[in-house]
Each structure stands twice: as C-alpha cells, then as structure tokens.
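To start, the structure itself, in structure tokens.
Letters A, B, ... mirror the listed sequences (proteins, then strands); counts begin at 1.
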Amino acid sequence: MFEPVRGKPDFPANELAILAFWRDALIYRKSLEQRAGEERFVFFEGPPTANGMPHPGHCLTRTIKDLYPRYQTMRGRLCERKGGWDTHGLPVEVEVCKALGIHSKAQIEEYGVEPFIHRCQESVWRYMKEWESLTERIGFWIDLSEAYVTYHKAYVESVWWALADLFDRGLLYRGHKIVWWWAQGGTALSSGEVGQGYKEVADPSVFVAFPLLDDAGKPTNRCLVAWTTTPWTLPANQFAAVKADLPYAVIRETTAEGAFVDGAPEFVVAAALAASLPEKLKKTFATVATIAGRDLVGRSYLPPFDTYRPEGMPRESPLVGGGRSPAAWRIVAADFVTTDSGTGIVHVAPAFGEVDYGVLMAEQPRFESGGPALLNCVAPDGTFTDEFPMGSGRFVKECDRDITRDLKARGLLVHQEQFVHDYPFCWRADSDPLIQYPRASWFIRTSQFRDAMLANNARIDWLPEHIKAGRFGNFLETNVDWALSRERYWGTPLPIWVCESTGRAEAVPSFAAVLAKPGVAGTEVFDRAKAANPDLSDDLRVHKPYIDAVTYDSPFAPGSRMRRVTEVIDCWFDSGAMPFAQWGWPHTGREDFATQFPAHFISEAIDQTRGWFYSQLAISTLLFGGDGPGTLPEGVVAPAADYPHPFRACIVLGLMLGEDGQKMSKSKRNYKEPGVIFDAYGADALRWYFLAGQPPWTTIRYSERTIRESVPEFLIRLWNVYSFFVIYANIDGFDPGTLLDEPGCLDHADLAKARGWRPVSKRSELDRWMLAELSATAAGVVEKMDAFDHFAAAGMISALVDGVSNWFVRRSRDRFWGAGRADSPQGNLDKLDAYWTLYETLLGVARLAAPFVPFVTETIWRNLAVGRFGDKVAESIHLTDYPRGEPGLLDADLVRRMTLVREVASLGRAARASAKLKVRQPLSKVEVILADASPDDAAWLAAHADLVCDELNVKQFEICREPDRYITRSILPDLKKLGPRLGKLLPQARDALTKADAQTLLAAFARDGRVELSLPGGTATVDRDDVLIRTTPREGWAAAEGPRAVVVVAAGLTPELVAEGLAREVVHAVQTARKGLDLEFTDTIALAFETASAELNSALEQHRDSIAGETLAATLTFGAGPAGATAETIDVDGHPLTIHILPLGRQGERA
RNA sequence: GCGCGCGUAGCUCAGCUGGUUAGAGCGCUACCCUGAUAAGGUAGAGGUCCCAAGUUCGAAUCUUGGCGCGCGCACCA
C-alpha cells in the first residue's frame, strides 16, 4: 500500500515535515558526498547583510541560487555551496548610531571607537535568525555553518594580501578627490545616500564680472561675465573656462536712442546667450565685437576676491619646456562649457567641484614644479578659514548674502536672481546642505585596466544578454579609478603603514607580516582588552582601534616609526574579494580556491551591476588577469588568466516591486512578509511563482493574489495526478515493491526488470505517447536548464503535467476501472501497463520538477519510491539523477498525431457547444476535414475513431469523404516562402491566388505540382509547397474550425439517441445525489424511479442495466422507493422524475 | 541632463532571427463533465500591440523621433 494521499493537500504542513526530514537525515550533505570526485559546478554566494530584515526580493535570489546548484547536483556534478555574510560598512554604523542616539563622527569619537566597534560587531548579526530561518524555509540548500564572514581575521587578511599586491604593483595610490561632503557630520556620503537627499531649493544665482587685464596687468573696462549658484565658491576662484569653438560677443549698454552709455563696461558672454543678459537686466545692449573662444584662452583677469592675490605675488610661473604663464586667474578652454544656461563662461573653483578639479589637474602638468596649488579657504567643518576674513568661522552657505553684497558694492555684480534646482542634502539631517569638498583618498588604478575588464566582460554569459554591452559595458567604458578609502570605523582597515618622518608608505599582506616587522609595538592594546573581556572576538585584532595601535620601526628613516593610515576601505572591495577571500587565500584554503575558481554561475539583482558584479570583476581582472599577481607566498599558484573570471554566467534579476507596483517599503506595507506566504501557500508555491511566472530579469510585481492563483495551475494539478494514482493503485493492489526486487534508480531500464512490466512497444498507444512526451520533455528541459533558461524549462514541465492530467489520466480512466486486479502478471495486463506508465511518468515528472519545487516532489518520491522500496532506493529525490529522456522512447510522429487528436477533440467540443449539444447527449456522427495533414497522419487519425468517439460521445467518427458539403477552401500564399522570392510581385500573387477558384488550383497542383501565375508585373511560379489551404465551415452545420482541421458534428437526433441522452442525464443526477449522501465510490444503493413521463420511463427501461451498473445500484425498481430511502424530484430535460435512494453499504469489489 | 530597460486583453505576462486570424494563465460570463471533485473541460466578451514617421511586398517585431514608467548615473564605482 502507498501512503494514502489527502485530496486536499496542505502544502505548508507538508513542507515542514520535509524540512525536518532533510535536517535529520542530512540530505544536503549526502547530496554532496554522493558527488565526491565528480566534476564541479562552482557557485558563489553573493553575501547578504544580516543587518537588515530579509524581504521578498531575497526570496527570489535565494530561489534562483538554489535552483541551479540543485539541478547540477542531480546532473551529477559536485556543487558545494558556501554561505557568506557581508558585515562591514556604513549601514552598520548607522544602525548602531541610531541605537545610541548619535550621528556625527565627533559623537562616535566621544562615545569611544572601541565600544563603538564592539556594538558594530554585535549589530551585524541582528537579523541572523530571520535570515537563517528564511533560508531554510524556502529550501535554499547552502552551508551556513562554514559561511565566510567579511570581518573575520582570515578574510580581512586575504583582502590585505590583495591590497598589498596592488600597492606593490603601483596600482593603489593616494590622491585627492572631490566628494559630496557632509560638513556637520564630518564625512563624505556614499552614492545611495546622496541620491536620497536631493531636494528642490532656491539658491542665489549671481552673474559676476571678471575684469580682463591688459598687458601691464591693469584691469580694463572689458569684463567676462561668469555665472554661479554658489557665491561662496568665488573666493576660491582659480580659472574661468570658455569653449574654444564658441563665438563670444562683447556687448555694451546703450541708451534708448542707441548710443553707448558713458562709462558702461563691456561684457563678454557667449554669443548664443548675448540676448538673455540684457533681458534679465531689462536694458538694451549693442554688440561691440565678436571673439572666438579660443582667442580668449590665455588672457588674465582680476578674480572677484583678492584672497589669494596679495600685492606683489608673482603672477607668472615657468612652464615645462620653457616660457612662462600666469598660473591662475587665466582663461582656459574646457569642453564641459555649454550654452544651455548661464553665460558660456564658467567660474572654476577646483576645491569645490569635480569638473573644476579636473581643470586644475589638467593645468598642473604644464608647469614646472607642480604648477598651481589647490586653493581652499574652507575648513572640513564647512566654515571659512581666516584666509577669507569676511566669512571666517561661518558656514559657507550662510555667507552667500554677504559675498553678494560685497560684490555689488565693488561694482562687480552684474545681476542677481533666484534659481530653483535640485540640490543634495544630508539624508539624516535634511537641513544640512552637502558641499563638494576635496579630501585625500586612496584609489585603485582600475581605469588603467579598462580594456582588460571589457575583454573579461565580453566573455561572460550575461542573462539577459543586453547587460553585457548595455548597463554593465557602458559602465566599464566610463570607468574611473576606484576611490577605495573611507574615513569611517567599521570596515577592513587599509593595510598601509606610513613613516612618520618621511611619509613613505608600505602595505602589509597579513597580520603575521606586521608582527614580523622590526620593533613592533602596540599589540598589547588588544591583549589588555581581551584580558578585561575574554569574550572579545580575536577577529577584532585586525580592526580599529586595535590595529591602529600597532606600530613598528621605519625602514625609511632610522629611529622613526611606521603608523597605519586611519582609513578603512569600501566594503564593496570586501565582497568583491570573496572568490579567494572566502578561503583565506593565499594564506590558507589553497586547495579550495584552486578547485573553485572561477564560478560557473552567480545571480543577484540588477542593483549589483555597480556593486558586487563590478567589484568581483575589477578585483579579479586586476589581480589575476594579464601577468597575474605580483606577490604570492612560496608554492602558491595563481589561477589561469583565461577570461572570463571570476564568474562565467550571471543571471541578473529584475527589481521586485510591491503589490501596488511601487518600490517595496515596510512603511507602505505594500507587500506580504515571506512568512505569511509560506504559512498560507508554502515555499514551493512561492518558488514556482518566481521561476515559472516570468523570465527572471523582468521587473516583477510581487503580489499575494498572483502567488495564490499560480498554485492550482501547477502544484494542485500535479498533486491531483499523484493522488489519483495512489487512490487507484491502493484499490487495485498495484505495488511496485512486490513486483520489482532490484529497483536501482527506478529509471526505465530498472523498471523493465519488474514482474508484469511489459515493453513499451507492447503497451497501448496512450502509454507509448505518455512516455514519449516524458522523454521529449526531459531532453528539452535539460537543454534549457543547461542554458540557464529555467523559465522555458518550467513551461515545458507545466505542459507535461497538463498532458498527464488532462490527457493520459483522463483517457485512461476506463483502464484503471477495468475488471481484474493489477497486482500480478496474471491480472489485467492493460491495467497493469497503465499503472506502470503512470508510475514511471510520475517519478519522471517529480524528478524533473525537483529543483524547482523540492518539497512536493520529495513527498511524491518518499511515498512512491522510498515507501515501497525502503533503503533499496535513494532516500531523497534530491539524491537521484536528473532524467534526460530515453532516446528509445521518443516518438515524434506519435506526439504530433496525439496533438492532432486532442485538437480534433477540442474542436468537436467547440462544435457541440456552438449547437448547444451537451456532451451527455450522444450524437450519431462526427466528421473531420483535415486542412493540411499528411496522408499518414490522416490514416492514423481514422484508425483512432474510438478515441474521438469516446471523447465526444458520438457513435461514429470519420474523415469526411465529401468535405465540400461542409466547407469551402481557399488558397493562401505561404508568405514566408514566397515573400523573399517574389518581392514586389507578392501582393499581386496573393490577390490572384485568393481570387482564383480553389478547386481548379488544387487540381493543377495535383497534376503539375505547380502553377504559373500571369500577373501585371510578370510571371510567378508557385509550387504546391508555397501555399497553404484554409478550410472554412459553411453556414448551417455544427462545426468548428481550427488551424489544422474543421470538425463537423451531426446535430440530428434519433429517438434512440434521445433516450440514451435521457438515461445519461439520469445517471448524472443519481451520481450527484450519491455525492450529496456522502457515499464512498464503492457503496451500493437501492434505487427507484418514479416518473409521469412515458418517454422518460421508456428510456430508463431501455437503459436499465447500464444505469444500475454505473450507479452501483443493487436493485433498480420503478414506483415508490424502499422504506427509508431519500427522495428527490428533479426535471430531466422537461420530464419530471423522482429519485429514491437507499444506501446499502460497502461492496466488496468494484463493478 | 545622460545611459539602460520597459510599454501587448480587466490583471500578471509570453511572443526567436519581420510573414497570413497577436497568444497563455488568472479574473469575469455562460455552458459542460464529474468514480481525481474546494479539481477538470469548452466557449464568449475583452486588443488603435503607447504615439508618429520611416525601411519593406509585408512591422507588435527593424530604424528614427516623441510620450509615459522604472532603474542606474549625475556624489561614485
């Protein structure tokens, strides 16, 4: 006996039981052990952070990340799945700050870096439990016990090795960078943070005159007009930029009569904007001259403030290669100048703008001895320094008004207005405007590797493909050096120590390397902390503040000490280093890294394009591409430099939105917690919804309704088939366990050894069809899954389940109900065949679907296989091999023809429906006209008349001999074939073919195989293969038309047919009544009919035996029913009938 | 502003290299079947395939330009 199956499945409860089984029986571990020594399928887990709650988006990634390793394991490969946790970074610090009720760096320092770091380390695991339970509940098999953790000492040291290697190769350097600076908080903000803080504000917009100087250095009456919305940057002005190929106009105010106003200055602005300034000023101007931008370049001007221009300061510096030039307050050419707004002349303050800084960087190499220095009169706290006395000690933005007033007083303010634009503010303190500000920073020379990264990218199998050349490729094209350092606390410390007297630096590859330095000191700081608090994690040895205390003797200056720089690094470098750092490589884990690099497969959402996808690719390309790493410990070998690495294929998942199509947000409550879905529908339902609902890269709208609706279509249907099988196998005593001694893997070849198993070639056509479909689907699914196309694979599996349910089982019902038991070779062989076929199919479907819906398939396997064979078979479906299809069972002809029958049956039902003839009513005949079937297929169909008759409840089925009675034919050109050949003649040919008499044309095709069409534009030869024949039913028949056939049913009814219809109607009524009485399938009844209708009475008499048989009526009488019977009066097609039923109890065997 | 993606039925989405009547599931309506039964089947209603121009014998599909939405960039990696 199989374990009886509930008709109404409780998937969630079922799944909990399966989870317990997996846990207790160590199935995941066994699935790996079983593949020991096999070829590997390498998977990298992109580390999530347990600092936040997991949400539905993580369910999607975890489903996909589980699917392929599970699949590949079943395909025979060894796929270890090492978990990982991303633990560093600003978000952790922010969480801790929130808990502490502080938020500036000063407050952190005040609280103490040491306790702060301790809090960070604890915070990292805050939602650990939720993450672990989600991971288990959704069926994501991954080894969390051995997970890598980015703050662990071994991990940090691995990252240190990478950084030291880059440093030694000159790829890690210190430079300046203009950042968005939160002055009040004393920190730069990351991209996400700045993006969140944009607000629309009105800033002052000022047009300022920069008087040009004559050769003697005296101001002239001619002024550049520059435009800025940040007046506070004017004291740090160093250049004015124009565009070389733009014309500039010199304009001067005129009186109403058109004469120049006495003493009015001449303004230089872009010619394209020469009209806008007079408009703003509401004055009239006339053009004095036009100058090309390039002719302005090199001229000197008087800066708006003399902050950096004290009397006697040399204004010229020596140029590289001879000559001299003013080093500042000079006009330069720049491409970023536009005429979209402003004046076409850009005020350049390199300290306070990224493009401005770029101008300075371009200028400096022109000069001897470094060229112009960066001028910065603002302190890190956002206040002016004493260099600019007017604003000294005040926040820069607050000085805008005074600066404008001062310019006006000195006659330099040409115009002032308000300008409304988006400007970033601090996301945590939204009244604090951010400013662009120069900070010293450490960079990695990624831009030098741009071409290598592009070459590497070109070899990656991106899904969807457009990521390669699109989002990711574009991003690589515009690569700039990676700003690595962060002036924060909780992160991997930058392993660079600097000589306190010479400023020379070196990088160390490990903590041991630090300890090995001469005169090392400061390690006792951690030791003391550990002594005071024995629970202190040793991992913190390599973190701030302890590592900062470690110093050693400088190799650069005797007597000096080496001290670590204060920065930590961008946490994206941590996660990007995981391919090797998860093993602690190269210090440890050499074997693991050698066998598990690169990954065959990774998958994350599209937001990782610039995150993990990039950081992995960049780090891997820099370290392992080309000549490979510069330094490796003795005996350690670098991986091959062949691209792609570190991953070969990457599924980029779409963004997940909430129920309302908006971004998921806890506060909006626009999504259901994963736990709610698991409890109501189960993990399989959620997984199937993700995998089969849409291609993975589409933006997905996560809604409970869609998940709920996706359950019946696949899971319930599969369950129904399974439940059907178990019910009848138990009734019939079909038990493979007693028929098969050596079950092996329960593959086709194994089943062949069973007693009572007949070769498929000997079984009924339906069985051959089912197993052919199974094999074809298996082959197709494998092909799709190997190409990472699970969406297509899921569609095939779904179609297969539909075929089992709605064709095989439905067509086989009579076989399962047939007489004779199926428990031995001596029984009903056809019934036995049906069981073996359904058994094999169910096992096959379950195994195909196992990576997708691992729970329900495990349930099926546990009952159908393990329950019968015990430990002779794999204890879990996930320990079996993935079906690839039996080539010997494939039968493309049969599959095609069965599709044709199903189509004909479907059309027949449609034809009945159109004539309002219900299927209960038998009809005399159905005829089919095939539009375009081969003679073999037509003959095959004719031979399957029984099948069609049964499906359609008709007495006779035939291929129509006189099709012209029912249909008309028209000839249609096959455009795909004729189009390329005929080109412009096509419309004429189409008209000719459509208008011509179809019979004549068909006759011509039959005779010659082709026809010649004389068309106005020439002659066209059309072969029989170039046309399609379309058949259309004539009016007046109960007919339905499909692409390949027309089906006509005979609507005429004879008295016999009507009587039979009535009888079936009554059977239906009795069955409904049985159901109402809650009778078992096998309960017998005493039945009596009472009717005033002679016609109905006669019909019931005629079909008395079949009615009794179908309804399990032990007695069938007419008149009043037996005592105690229920009575129900109904209307049967206009005839009154009272039905009396008395349950008699269980019958030993079914009829 | 720039880049990428998307726009197809009431909803969620397929639709490969251009081809004849644009599909599926769900929902709705009607009918059917029912010894899998809180399942199953058939049909109907519902579409200017976002708009416009172009290429072509032929465009949902290719090109260009708009419009709308999302994401990314604009700090930065």
Can you tell which of [options] lies closest to the side chain of [X]?
| X | options | answer |
| --- | --- | --- |
| A:H466 | B:rG41, B:rC75, B:rG5 | B:rG5 |
| A:W180 | B:rC75, B:rG41, B:rC4 | B:rC75 |
| A:N720 | B:rA36, B:rU20, B:rC75 | B:rA36 |
| A:T698 | B:rG41, B:rA14, B:rC4 | B:rA14 |
| A:H1068 | B:rC4, B:rC33, B:rG41 | B:rC33 |

* **Who pairs with B:rG1 - Watson-Crick or G-U, where each distance is under 3.5 Å** =>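 Base-paired to B:rC73.
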* To do: Go ahead and name the base partner of B:rG65; Watson-Crick or wobble counts if both distances stay under 3.5 Å, otherwise write none.
  =>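 Answer to the pairing question: B:rC51, which forms a Watson-Crick or G-U pair with B:rG65.
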* With nearest nucleotides of RNA chain B determined for A:R610 and A:L986 from heavy-atom distances, which residue corresponds to the more 5′ nucleotide? ->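 Comparing both residues, the 5'-ward one is A:L986.
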Residues [X] and [Y]: side-chain donor-acceptor under 3.5 angstrom:
| X | Y | value |
| --- | --- | --- |
| A:W462 | A:N457 | yes |
| A:N479 | A:S447 | no |
| A:D86 | A:S575 | no |

* Side chain of A:S805, base of B:rA36: donor and acceptor closer than 3.5 Å? ->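 Side chain to base: pair present.
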* Does A:R813 get its side chain close enough to the base of B:rA36, under 3.5 Å, for a donor-acceptor pair? ->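 Per atom types, the contact qualifies.
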* Asked: OP1 or OP2 of B:rA36 sitting under 4.0 Å from any side-chain N/O of A:Y728?
  ->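 So the side chain of A:Y728 is within the cut-off, an N or O lying under 4.0 Å from OP1 or OP2 of B:rA36.
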* Indicate whether OP1 or OP2 belonging to B:rG41 is found under 4.0 Å from a side-chain N or O atom of A:N806. =>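 Yes, A:N806 has a side-chain N/O under 4.0 Å of OP1/OP2 on B:rG41.
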Value in whole Å for how far the [atom2] atom of [N] lies from [atom1] of [X]:
| X | N | atom1 | atom2 | result |
| --- | --- | --- | --- | --- |
| A:L975 | B:rG18 | CG | P | 14 Å |
| A:M656 | B:rU12 | CE | C1' | 14 Å |
| A:Q694 | B:rC26 | CD | C1' | 14 Å |
| A:N953 | B:rC33 | CG | C1' | 11 Å |

* **Sorted by number, the residues of residues 570-577 of chain A with heavy-atom contact under 4.0 Å to RNA chain B** =>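 By residue number: A:D570.
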* Using 30° and 60° as the class limits, which term best fits the ring planes of A:F808 and A:F816: parallel, tilted or perpendicular? ->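 Rings of A:F808 and A:F816: perpendicular, over 60°.
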* Asked: Parallel, tilted or perpendicular: which describes the rings of A:W719 and A:F11, with under 30° parallel and over 60° perpendicular?
  ->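 Taking A:F11 first and then A:W719, their aromatic rings stand perpendicular (interplane angle over 60°).
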* Any sub-3.5 Å donor-acceptor pair from A:Y728's side-chain atoms to A:F734's backbone N or O? ->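 No, the answer is negative, given that no donor and acceptor are paired below the 3.5 Å cut-off.
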* To do: Under the side-chain hydrogen bond (donor to acceptor under 3.5 Å, both in side chains) rule, what do A:Y614 and A:Q608 come out as? Steps first, then yes or no, please.
  => CA-CA 8 Å; A:Y614 172 74; A:Q608 295 299 326; over 6 Å; no
